Amino acid sequence: MPTQENKQGSRPKFFITTPIYYVNARPHLGHTYTTVAADTLARWKRMRGYDVYFLTGTDEHGQKIERSAAKAGKTPQEFAAGVSSEFRALWDRMGLTYDDYIRTTEERHKRGVQHLFTVLQERGFIYKGTYTGQYCVWDELYVEGPPGTACPDCGRITETVSEENYFFKLSAFERKLLEYYEQHPDFIRPEARRNEVVAFVRGGLRDLSISRTSFNWGIPVPGDERHVIYVWMDALANYITALGYGSDDPTLLEKYWPADVQLIGKEISRFHCVYWPAFLMAADLPLPKSIVAHGWLLFEQSKMSKSRGNIVRAETVLDVLGADALRYFLLREIVFGQDGSFSFDALVQRYNSDLANGYGNLVSRTLTMIVKYFGGVVPEAKTANYRYKENAVLTDACEGIGSVAHFQEISISIGFDNLDFSHALESAWSLIGSVDGFITASAPWKISESSDPKDRQYLAEILYTAAESIRIITALAYPVIPDAAAKVWRQLGLGDITQADLKELQWGGLKPGTKLGQLGPVFPRAEKDAITRMQELEDKYPAQTATETAKQVPAIPVTEVAIPALVTKETVDTHTTHPAAVAPTPPAPEAKPHAPAPAVDATPTLAAAENPKIAIEDFAKVELRVAIVRVAERVPKADRLLRLEVDLGYEQRQIVAGIAEAYTPESLIGRKVVIVANLAPRKLRGLESNGMIVAASVGEKGTPVLAGFLEDVEIGARLK
Ligand code: MSP
């Protein structure tokens, strides 16, 4: 895909990467999400004058790919080439502006990975040993635990491997990594991921097996070709091999490394924030400036992934609503860094409200009036430099829009720079709302009926103000909706947006006298059948639709366990509208009134009437399960709330719990808790909470004390 040429040498550089995608599955919306976010940031930085290098690609080696190829009756080479070209074709269809697309089966990559291996070996960080233990082929992850242990990431049962391997001295980097995290607070973002990684490293690092002998679809260890290099070492190295690491030409490496932002999905933070910096330290190379992990795109409450069978293909949305609609939805709807849900309903609703009725309608009504009242030429306005004072109300209104535009520009820029796309877009769309309101209030169509020259000037003021606002909004929205922005830019008479200088967007940049281009719809309203059309398109791919979810989700481990004396405190996670989860045992003496009534006798009493007993079937409706806390962080401006990500073995979910006064986020990571798993989701402080943590309510203040077990209980186990 062609990208804008970097013409000057003196601009600041910006190197941004996406993870390289496994080729065992075709691209879906989850992959698209990461790549769109990277493309948006790349466009934003280019537009602000940076010399950007944007890298993406595919991860093609490893046992998982080898097995997928065998299943498809193809050689790994053929299979990988086919899926890799599907990824690339999708990115090209969407117009993504990557500068390089690396495939790990390319010669340049192989040479670079072998060079890295040799360097680490020469520097004394690699030795030979024997690994006997558990391995998850799906995640290509070594897992600690006895045979039969489930993979902590995907829940599949691991395989036992016993091999002579090369090991990387990861343990030697434990202290260095912790110091590095401490000294570079922005190295891992957001904070939740940072806490998680720090807790993992503090827990102790063991040396890492970095070669395999039981299969051969990989890059051979130099000088010992029976071994192939561990697929994660192979894959992570792409970020430097693409720049020429290990080749004779260091130009790109010298120019662009270290990366400025490496975007990843949260499930691969350990590889990127622990192994990757350790490899780089060992090779004496600088570390990336920032690794930013985003959350998951959920479909019907669980992570969109091929293994769950709940994926949606990007092509479906492109066919019906186009790439800009998809980009806008993903970046506006989901707070970057957190999980967010995708649904066709929400997509069409956002499309119609924000794009068709919001931006599209503002452009169309403003430019149509300029055509109608000024022959399609941008009128002269004096408020452009705030000097027009004859009509104080109008002047104030125009000036008001000018300053709103100024402040929103600052807010949007901060949003993009911080990868806070949803807030950047919220600010841009609030400016659209202000301009729309301004037009409606000043009613230019009425003023146009007057023949007074002063009114003519007022009309010019209003339409200039609206058109200039559209120019600024369009420039700022360009990284997210590039096709629509390019169209509007031409309609404004400004030519090709990719050639425009969008660094400075001061008010008044739209020159009076500019002849508008050809007008046309930007975001036509989505038809009523848009949702069904998308659903039908997805149904053509039955093996990948959500209906298969139940079949494909790994079996939930259910263990019979004795129920402890639980007292739930409704207010613990402020699920006040939900029934409390109760245990069929007497409450602790300090229990609050909402705890179940102690069993007394069969005679109905007032207390029993207030707290009627429930049948076992009622209790059975409450799905209590053991989960482990993987992520914990404070919720800004909410003293009592923590945002937790808990792992049930078969899925991860976000829960917002009111336990911040009793527990620090760090103390919770790795702790097993009991959750009510089948509560309807609800929003707290804008965050979706999927479940509720069970805790006793202790003392006068009702301090929460988390329920737990003396024995080590498997995650996912149900309490019944
Ligand atoms: N090949 C490795 C990455 C190696 S990088 C040196 C890998 N590949 S993957 O194809 O399984 O996933 C790559 C990335 O796709 C994830 O990290 C994430 O960025 C994105 N996503 C895949 N599914 C996703 C969702 N459902 N939601 C959001 N992002 C998702 O891991």
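Bear in mind that the values here come from a model prediction, so they are computed numbers and not experimental data. Atoms within each ligand, like the ligands themselves, are counted from 1 in listed order.
- Between L236 and ligand 1, not a single N/O pair is under 3.5 Å apart.
- Nearest protein neighbour of atom 20 (C) of ligand 1, counting heavy atoms only, is T34 OG1, 3.3 Å.
- We find the CD1-CD1 distance between I291 and I268 to be 10.0 Å, quoted to the nearest 0.5 Å.
- An N or O contact shorter than 3.5 Å links D59 to ligand 1 by distance.
- Scanning the protein for heavy atoms near atom 22 (C) of ligand 1, the closest one is H31 CD2, 3.7 Å.
- Residue-level proximity to ligand 1 for F271 is absent, since no heavy atom of it falls below 4.0 angstrom.
- For ligand 1, the polar-atom distance check finds an N/O of H294 within less than 3.5 Å of one of the ligand's N/O atoms.
- Shown in contact with A235 at under 4.0 Å from a heavy atom are these atoms of ligand 1, numbered in order with element: 6 (C).
- Ion pairing between a basic and an acidic side chain is recognised when a charged N comes within 4.0 Å of a carboxylate O; K74 and E66 show no such pairing.
- In terms of protein heavy atoms, atom 23 (N) of ligand 1 is closest to H28 CE1, 3.5 Å.
- The closest protein non-hydrogen atom to atom 6 (C) of ligand 1 is Y239 OH, 3.4 Å.
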> How far apart are the C-alpha atoms of F342 and Y33, what are their side-chain angles, what is the distance that settles it, and do they pass the ring pair (Phe, Tyr, Trp, His ring centres under 6.0 Å) test?
Replying inline: CA-CA 11 Å; F342 176 85; Y33 179 50; over 10 Å; no

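- The protein non-hydrogen atom at the shortest distance from atom 16 (C) of ligand 1 is E267 OE2, 3.0 Å.
- Taking the six-membered ring for Trp and thresholds of 30 and 60 degrees, F421 and F336 have ring planes more than 60 degrees apart, a perpendicular arrangement.
- For the atom pair NZ (K303) and CD1 (I311), the distance works out to 11.5 Å, reported to the nearest 0.5 Å.
- Considering only non-hydrogen atoms, atom 26 (N) of ligand 1 lies nearest to M304 out of M304, Q262, H61.
- Here is the list of ligand 1 atoms found below 4.0 Å of a heavy atom in W296: 27 (N), 28 (C).
- Remark: ligand 1 atoms within the under-4.0 Å shell around heavy atoms of K303 are 23 (N), 24 (C), 25 (C), 26 (N).
- Within the 4.0 Å heavy-atom criterion, both parts of L297, backbone and side chain, lie near ligand 1.
- At under 3.5 Å, a nitrogen or oxygen of Y22, whether backbone or side chain, sits near a nitrogen or oxygen of ligand 1.
- With respect to R653 and E651, a salt bridge is recorded, a charged nitrogen being found less than 4.0 Å from a carboxylate O.
- A donor-acceptor pair is defined here as one N or O able to donate and one able to accept, closer than 3.5 Å; no such pair exists between the side chain of Y239 and the backbone of L55.
- We find that R630 and E196 are not joined by a salt bridge, their nearest charged nitrogen and carboxylate oxygen being 4.0 Å or further apart.
- Heavy atoms of H272 approach ligand 1 to within less than 4.0 angstrom.
- Every N/O-N/O distance between I268 and ligand 1 stays at or above 3.5 Å.
- Aromatic ring centroids of Y142 and Y230 lie under 6.0 Å apart.
- Residue P19 places no N or O, backbone or side chain, under 3.5 Å from any N or O of ligand 1.
- Under a 4.0 angstrom heavy-atom cut-off, G295 registers as being in contact with ligand 1.
- A cation-pi arrangement is not found for K13 relative to Y53, the charged atom failing to lie both closer than 6.0 Å to the ring centre and inside a 45° cone about the ring normal.
- Here the protein heavy atom with the shortest distance to atom 3 (C) of ligand 1 is I20 O, 3.2 Å.
- One finds a salt bridge joining D319 and R93 here, because a Lys/Arg side-chain nitrogen approaches an Asp/Glu carboxylate oxygen to under 4.0 Å.
- The residues E645 and R193 are annotated as salt-bridged, a charged nitrogen and a carboxylate oxygen being separated by less than 4.0 angstrom.
- When only non-hydrogen protein atoms are considered, atom 25 (C) of ligand 1 lies nearest to G30 CA, 3.6 Å.
- Remark: side-chain polar atoms of E78 are paired, donor with acceptor, to backbone N or O of T75 under 3.5 angstrom.
- Close contacts of ligand 1 with Y21, meaning ligand atoms under 4.0 Å from a residue heavy atom, involve 10 (O), 13 (C), 14 (C), 15 (O).
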